[in-house]
Amino acid sequence: MMSFECKAKDYYGEVVINKGLMGKAGFGARAIPVYVGEWIISQFMDGDELTDDGRTEIVNTISKYLPQKADKNMILNRLMEQEEVRILDDFRVNVNLERHTHDLSIPLLDVSNGMVQKDIIDNNPMLLKTGMWGLGTLRYVPPDGEDVKKGQIWMVEFKAFQTPGVDLDYFRDSRKHFDIDEWIDLLVSSCQFNPDVHRLSQKLLLLSRIIPLVEPRVNITELAPKGTGKSFVFDNISRYAAVIPGGKLSAPALFFNSNTKQIGLIPRYDVVVVDEIQKIHTDASGEAMAALKMYLESGRYRRATGDLGTSESGFVMLGNITLSVNRLPLYESDGIFKELPTALQESAFIDRIHGLIEGWFMPRVSRNTPSRTLGFKGDFFSEVLHELRVDLRYADYVSRSLHLPQCEDMRDNKAIARLAEGYLKLLFPDLELSEEEFISYCVNPAVRMRQQIRDELSKIDQEYKWVTIKSESPDDFQLSHPDERPNPEQEAQKVDPLSPDRSPEEKTLDLVEGQRGISYEKLFLPYLKGAKSIKICDPYIRLQYQIYNLMSFCEMLDPSEGTLKLDLVTACDSYLETELKDKLNELKKGLSRDHIEFDYVLEDNLHDRWIETDTGWRIILGRGLDMFQKPEDKFTLGFMDQTKRKCKATTITYTRAKAVL
């Protein structure tokens, strides 16, 4: 157990849970948020463990109370037969002033006009706002031709599957027992991510995603390649977040529907998240964007009646962008917002976004990404973030402590202040921190997020001058930020970060699915130079094209200063062993003519994939040498030039190891 887990268990006790249990609890493919699943798990745990009996109880509970959508008519029929039915669902109540009723929404049954007893609403007021997951007991009242004109479904009992409130003072006070690294790891784990597989900079990027959940009216955007888990945290850790999965943005859906007299998403939730923004389209009249710009600036929106409404909701945009060979945005020099719909490229709109999360620095989600350590229970963490939003002590601290000697623009100052306040609430909820910690962990990350927006504004609109924002204690990012906008032509001529002539360094490189511009020479040559002995461990050097991959690897080796030793450890099915040995022996003979001494060993149960050199480098290969996609046909470009081929998604880690060869 890691140090932060021991402290979490000691000081937070019942409100922490092993975040890895969600994958072991038997929920299958049922679509329930993590915070609901963890609430269910906690009801059947034996101490800190989930036993086989507990898993069985969970399976039985889910099977009994969370039917599939295909069972809708069967449930309605049971109700019509006057059977009392209990189901687990995301219930919500709308107030209908015209009919003077409370209309119950039951998503599983596609019912939007159910009835609910008043005491249930009084005891669970969140039903009126974001809705609540819970176990509802339903009854059907058939029409009688008099008082009941139409059949009605009534919810007569409700058991909420979410924590109704938290002891915020205790949460804040217990923070003092953790150092900053332990606390960050606990928060990252609470967001369902494994802190062990992320660097500190990546952990802060992860936490920046939830700033809009803890700080009112923060507007951010995250642009990244596919598969980095951008929307996961909003879908799963908070009931106060609403995610719009692409499609059309309309003013009635966001603010107020004058036809139904129902408020939209922004007045109802703490944060509204628009996912897949590259697929977003708005109304031709521009009403939605005009209303959104007004809201992002002032926190107000105008109803169809002309009245003004207000909200404290944050606004988040998540989008996929294309990366270049060096894992940076392909259109970085021209402006990364140019990949987005035209309506989202307007500088006046972008300026209202407080910060940009550089999602291209996040690794692709893998089987090691989900947390397996202790973290706050989802429903508890959700309530903590929600209640911290209204505490004004953090705003007072920021107003007294934030000084930006090189930041003249008012919007820049406001944006950095809000982002810094969000970091402050997350990382130092007890307000026990030094001036240096405030600048390092709150101000400088906020400056970086806002600087990204300023840079993009300068690229797309000449009215925005190129500026460099600096804090009282600038970090490396601020110090290296150019005082003048880089020339796009010079940017294009920058040295390729994967140049074969580069100096080797310890790092992790993530290749995305379909990425081009990659070759063995670019990936490996800097780490092989000067080596007299190289060892490859790859269980999949057996098929013809995989042997060709090995030959391509050998072609970049340079034994000019004497014989170079190359050892291969691979595996093979018994029925292919003779054929494989014949091919490898033939390869051995051919390589010997070029002063490469090749030898091989076949081992069973081989799984790891790596390359080691006698110069002390170890290259861990996620997929081994088999990292390129299968060509679409035999005339596809890439047969001779690997940079023309598409890659498979994989991770390559370069580490310093002892010379063992």
Check whether [X] reaches the backbone of [Y] with its side chain - one donor and one acceptor, N or O, closer than 3.5 Å.
| X | Y | value |
| --- | --- | --- |
| R78 | E83 | no |
| R175 | L427 | yes |
| R364 | K226 | yes |
| T221 | M317 | yes |
| K72 | P67 | no |
| S399 | D396 | yes |
| Y140 | L76 | no |
| D71 | M74 | no |
| E57 | D53 | no |
| N124 | M126 | no |

Nearest 0.5 angstrom please: [X] [atom1] to [Y] [atom2], how far?
| X | Y | atom1 | atom2 | value |
| --- | --- | --- | --- | --- |
| L207 | W183 | CG | CH2 | 11.0 Å |
| L388 | L168 | CG | CG | 5.0 Å |
| I58 | I40 | CD1 | CD1 | 7.5 Å |
| M449 | R418 | CE | CZ | 13.5 Å |
| N236 | S382 | CG | OG | 11.5 Å |
| W133 | L88 | CH2 | CG | 5.5 Å |

Any heavy-atom pair between the side chains of [Y] and [X] that's under 4.5 Å?
| X | Y | answer |
| --- | --- | --- |
| P252 | N259 | no |
| P195 | T373 | yes |
| F44 | T56 | no |
| V398 | F438 | yes |
| Q202 | P363 | yes |
| V384 | V15 | no |
| I211 | H354 | no |
| M132 | F158 | yes |

Minimum heavy-atom distance [X]-[Y], with the two atoms named:
| X | Y | answer |
| --- | --- | --- |
| G355 | L419 | CA-CD1, 4.2 Å |
| R372 | N194 | NH1-ND2, 4.1 Å |
| L204 | Y423 | O-OH, 4.0 Å |
| M45 | L50 | CG-CD1, 4.5 Å |
| N96 | R99 | OD1-N, 3.1 Å |
| G20 | N18 | N-OD1, 2.8 Å |

Between V36 and D90, does a side-chain contact (heavy atoms from CB on, under 4.5 Å) hold up when you go through it step by step? CA-CA 10 Å; V36 177; D90 184 12; over 6 Å; no
I would like to know whether R393 and D391 meet salt bridge (charged side-chain N to carboxylate O under 4.0 Å, His left out); could you show each step before the answer? CA-CA 6 Å; R393 286 178 294 177; D391 194 326; 2.8 Å; yes
Holding to salt bridge (charged side-chain N to carboxylate O under 4.0 Å, His left out), I want the full list of residues that pass it with D89, two or more places apart in sequence or in another chain.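 Result, salt bridge (charged side-chain N to carboxylate O under 4.0 Å, His left out) vs D89: none returned.
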May I ask you to decide if the ring planes of Y170 and Y12 are parallel, tilted or perpendicular, using 30° and 60° as cut-offs? perpendicular
Between Y240 and H386, how do the two ring planes meet: parallel, tilted or perpendicular, split at 30° and 60°?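 Answer is parallel, since the angle falls under 30°.
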Applying side-chain contact (heavy atoms from CB on, under 4.5 Å) to R92 and R268, what does each step give before you reach the verdict? CA-CA 12 Å; R92 189 160 67 86; R268 191 187 310 155; 3.2 Å; yes
Would you please indicate if the ring centroids of Y295 and F315 are separated by under 6.0 Å? no
For the rings on Y301 and F256, is their centre-to-centre separation under 6.0 Å? no
Determine, stepwise, if the pair K9 / E5 fulfils salt bridge (charged side-chain N to carboxylate O under 4.0 Å, His left out). CA-CA 6 Å; K9 189 175 180 180; E5 293 183 274; over 6 Å; no
Residues D103 and T101: side-chain donor-acceptor under 3.5 angstrom: yes
Below 4.0 angstrom, N of the basic side chain to O of the carboxylate: do [X] and [Y] qualify?
| X | Y | value |
| --- | --- | --- |
| E222 | R209 | yes |
| E421 | K425 | yes |
| K7 | D10 | no |
| R217 | E312 | no |

Step by step, work out the side-chain contact (heavy atoms from CB on, under 4.5 Å) result for V273 and D235. CA-CA 9 Å; V273 183; D235 280 322; over 6 Å; no
Please assess K377 against E14 for the test salt bridge (charged side-chain N to carboxylate O under 4.0 Å, His left out), listing each intermediate value before the final yes or no. CA-CA 9 Å; K377 292 179 180 177; E14 294 182 354; over 6 Å; no
More than 12 heavy atoms from other groups under 6.0 Å of NZ on K69: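 Buried by this count: over 12 neighbours within 6.0 Å.
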State whether the number of non-hydrogen atoms from other residues, nucleotides or ligands found under 6.0 Å of K129 atom NZ is greater than 12.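 Enclosed: over 12 neighbouring heavy atoms sit under 6.0 Å from NZ of K129.
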Under the side-chain contact (heavy atoms from CB on, under 4.5 Å) criterion, do S3 and F178 qualify, and how do the steps go? CA-CA 9 Å; S3 61; F178 299 76; over 6 Å; no
Stepwise salt bridge (charged side-chain N to carboxylate O under 4.0 Å, His left out) check, R239 with D379: CA-CA 8 Å; R239 69 183 184 189; D379 56 341; over 6 Å; no
